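Notes follow once the structure below has been shown.
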Amino acid sequence: MAENVYVADIALHEGKEVTLHGWLHGRRSSGKLHFLQVRDGTGTVQCVVFKGNVTPEAFTEADHLPQETSLAVTGLVKKEPRSPIGFEIDVRSLAVHARPAREYPLGHKEHGVAFLMEQRHLWLRSPRQNVILRVRHTVEKAIRDFFDQRGFTLVDGPIFTPNACEGTSTLFEVPYFDLGKAYLTQSNQLYMEAAAMALGKVYSFGPTFRAEKSKTRRHLTEFWMVEPEVAWLDLEGDMRLMEEFVSFVVQTALAKHRDELSRVLERDVSKLDAVQPPFPRIPYTEAVEVIRRAQEAQRAALPPEEVAKLPPMMTWGDDIGGDEETLVASAYDRPVMVHRYPAAMKAFYFKKDAQDPSVALGCDVLAPEGYGEIIGGGQREDDLETLEKAIAHHQLPREAFEWYLDLRRYGTVPHAGFGMGVERCVAWICGLHHVRETIPFARMTERITP
RNA sequence: UCCGCAGUAGCUCAAUGGUAGAGCAUUCGGCUGUUAACCGAAGGGUUGUAGGUUCGAGUCCUACCUGCGGAGCCA
């Protein structure tokens, strides 16, 4: 009786007769030889059916199996230099488990994005999507490992929340019994601050929801975010945590998937090798200067009528948009940390810089190669009175934040944290054009199926 | 919400206002080493929807629907 094996372990069984359970990925034929590409979730192996080695019925059947037939193949594991994995299976018998009820919609040639997204449940079977999902898994495990190794406690935040935590974003509304409306969380941060005062170093890792009608390659309505929060930590310490964290995640993914990233996803992995601490730090005010110089150079190279069509030059106080992010990030070979943003454009809970109260002690990490903001975070306001004023100034409902103010009433301490979007991080590591491929079933403004 | 582009065979795309086409996939046949194999044959269409212009509309016009790309906002 042949042993059941997975493709990933095939090298351990050279010369032995084994049985492989999988799906038919592709098929080629050459008269008295049929070549079956069989994938089992751990890899793909070529199974060679030679007319002399199987029954005539099996030989005929092997040449007529449609793509995605589920089957068991039994045969000898043979070393084969022409194979990408170094081995093949010399087939002795075939057992078809289920033939497709109809033609498999996804061929091996190109397809449009819309079609592939409609067939997402099947698209996951393709080699590229396989690699991406495996990288995502590694990234998620690396995130957990990084914080676990440093003594952080994983604290799960609520998904139903009573109000907008920052009072800005558009939230998904759901009816909630007799209490009126609840909202799907857009951030666990405030809850993590409470947890940090209890456990010191904490992080949450879960889904996040934004109802904004953003239609770009960087947006989903449902995405996964990791949000660490640390008591007794200032902005400088927070920034060190960010760069060490990002480097660890990238290097872990690289160590495990270097070959797949470059071979299947055609990622230039040398760009990821450079991701090591320290990351360049640049104050917002300096970033504005860098951007303005780049915009001036751009304008000097254009005729006046073209210049007139451009949006106005960036000035201090403007947000750093997608194009500006790329301008700043492209000057470096590793992620850039932009810190001390104008206080007016940041959420109420950011602590202001004692040296210059017009800026907040916040920091964003911009990924290279145009992938944009992957992390946002900073030091939180820990003074009760200042925070009360900030809530009033932002015209937020005071009573909703009473519990949050309690954190400052009872043993307040300096603390900081950040949030990282998993999908943007995976898209960057994999070198993908759009974040929709980094999550198994993307939720976007115009798509909720499958 | 705004701006732009596109909807033709299962998929990817062609088609001066004048007979609806190809590649892949499917089915059948050929080939003992194929790597997106190759060669031969066959089947496959209410051109997104509804109006309009015209002798004649896949093609031109209007509206709508769906999708894609971008902006704003954000991770």
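Keep in mind that what you see is a predicted model, and the values were worked out from it rather than measured. Lettering follows sequence order; numbering is per chain, from 1. Computed over heavy atoms, backbone and side chain alike; hydrogens, waters and symmetry mates excluded.
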Item to complete: For this output row, return yes or no: ring centroids of F59(A) and H34(A) closer than 6.0 angstrom.
Response: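 Under 6.0 Å, so yes.
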Fill in: Centroid separation F147(A) to F245(A) less than 6.0 Å
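Yes - the distance between ring centres of F147(A) and F245(A) falls below the 6.0 Å cut-off.
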Rounded interatomic separation in angstrom, taking [atom1] from [X] and [atom2] from [N]:
{"X": "W123(A)", "N": "rC11(B)", "atom1": "CH2", "atom2": "C1'", "result": "14 Å"}
{"X": "F418(A)", "N": "rC74(B)", "atom1": "CZ", "atom2": "C1'", "result": "18 Å"}
{"X": "M117(A)", "N": "rU66(B)", "atom1": "CE", "atom2": "P", "result": "17 Å"}
{"X": "E437(A)", "N": "rC68(B)", "atom1": "CD", "atom2": "P", "result": "13 Å"}
{"X": "D364(A)", "N": "rA75(B)", "atom1": "CG", "atom2": "C1'", "result": "9 Å"}
{"X": "D319(A)", "N": "rA71(B)", "atom1": "CG", "atom2": "P", "result": "13 Å"}
{"X": "K346(A)", "N": "rC73(B)", "atom1": "NZ", "atom2": "C1'", "result": "13 Å"}
{"X": "E212(A)", "N": "rU1(B)", "atom1": "CD", "atom2": "P", "result": "14 Å"}

The side chain of [X] lies closest to which of these nucleotides: [options]?
{"X": "F35(A)", "options": "rU32(B), rU34(B), rA71(B)", "result": "rU34(B)"}
{"X": "K215(A)", "options": "rC11(B), rG70(B), rA75(B)", "result": "rG70(B)"}
{"X": "A114(A)", "options": "rG67(B), rC74(B), rG70(B)", "result": "rG67(B)"}
{"X": "R218(A)", "options": "rG70(B), rC74(B), rG33(B)", "result": "rC74(B)"}
{"X": "L33(A)", "options": "rA25(B), rC73(B), rU32(B)", "result": "rU32(B)"}
{"X": "E325(A)", "options": "rA75(B), rC31(B), rC74(B)", "result": "rC74(B)"}
{"X": "L220(A)", "options": "rG70(B), rU32(B), rA75(B)", "result": "rA75(B)"}
{"X": "V48(A)", "options": "rU26(B), rG72(B), rG33(B)", "result": "rG33(B)"}

Looking only at atom [atom1], what distance separates [N] and [M], rounded to whole Å?
{"N": "rU54(B)", "M": "rG72(B)", "atom1": "P", "result": "46 Å"}
{"N": "rG23(B)", "M": "rG48(B)", "atom1": "P", "result": "23 Å"}
{"N": "rU19(B)", "M": "rU1(B)", "atom1": "C1'", "result": "47 Å"}
{"N": "rC13(B)", "M": "rA9(B)", "atom1": "C1'", "result": "11 Å"}
{"N": "rC60(B)", "M": "rC5(B)", "atom1": "P", "result": "13 Å"}
{"N": "rU46(B)", "M": "rG40(B)", "atom1": "C1'", "result": "33 Å"}
{"N": "rA41(B)", "M": "rU47(B)", "atom1": "C1'", "result": "27 Å"}
{"N": "rC64(B)", "M": "rU26(B)", "atom1": "P", "result": "42 Å"}

Check this for me: does any side-chain nitrogen of one of [X] and [Y] sit under 4.0 Å from a carboxylate oxygen of the other?
{"X": "R436(A)", "Y": "E423(A)", "value": "no"}
{"X": "R144(A)", "Y": "E140(A)", "value": "no"}
{"X": "E68(A)", "Y": "R39(A)", "value": "yes"}

Does any donor-acceptor pair link the side chain of [X] with the base of [N] at a separation under 3.5 Å?
{"X": "E446(A)", "N": "rU66(B)", "answer": "no"}
{"X": "H219(A)", "N": "rC74(B)", "answer": "yes"}
{"X": "R424(A)", "N": "rC74(B)", "answer": "yes"}
{"X": "E88(A)", "N": "rG33(B)", "answer": "yes"}

Need the pair for [N]. Rule: Watson-Crick or G-U wobble, both distances under 3.5 Å, any strand; none if unpaired.
{"N": "rC38(B)", "value": "rG30(B)"}
{"N": "rA57(B)", "value": "none"}
{"N": "rU62(B)", "value": "rA50(B)"}
{"N": "rU1(B)", "value": "rA71(B)"}
{"N": "rG10(B)", "value": "rC24(B)"}

Need one value for [X]: base, sugar-phosphate or nothing, where a base atom within 4.0 Å counts as base even if backbone is also close, heavy atoms only.
{"X": "G372(A)", "result": "nothing"}
{"X": "K51(A)", "result": "nothing"}
{"X": "M225(A)", "result": "sugar-phosphate"}

Worksheet item: Between Q189(A) and Y349(A), is a side chain to side chain donor-acceptor pair (under 3.5 Å) present by the stated rule, with each step listed?
Response: CA-CA 10 Å; Q189(A) 187 205 310; Y349(A) 50 71; 2.9 Å; yes
Discussion item. With no hydrogens and no angle check, just 3.5 Å: does a side-chain donor-acceptor pair link Y191(A) and D156(A)?
Written reply: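 Per modelled atom types, Y191(A) and D156(A) side chains form no pair under 3.5 Å.
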Worksheet item: Which of these passes side-chain contact (heavy atoms from CB on, under 4.5 Å) with F279(A): E243(A), M239(A), M242(A)?
Response: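 Testing each of E243(A), M239(A), M242(A) against F279(A), the sole residue satisfying side-chain contact (heavy atoms from CB on, under 4.5 Å) is E243(A).
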Worksheet item: Which pair of non-hydrogen atoms, one from P127(A) and one from H25(A), has the smallest distance, and what is that distance?
Response: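 Taking every non-hydrogen atom into account, CD-CE1, 4.0 Å.
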Worksheet item: On RNA chain B, nearest-nucleotide positions of F50(A) versus G107(A): which is more 5'?
Response: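 Going by which nucleotide is closer to the 5' end, it is G107(A).
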Practice prompt. Would you mind telling me which residue lines up with the more 5' stretch of RNA chain B, S30(A) or H111(A), judged by nearest nucleotide?
Written response: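 In this pair, the answer is H111(A).
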Between [X] and [N], is there a contact of a side-chain N or O with OP1 or OP2 at under 4.0 Å?
{"X": "H64(A)", "N": "rG29(B)", "result": "yes"}
{"X": "R82(A)", "N": "rU34(B)", "result": "no"}
{"X": "R436(A)", "N": "rG69(B)", "result": "yes"}

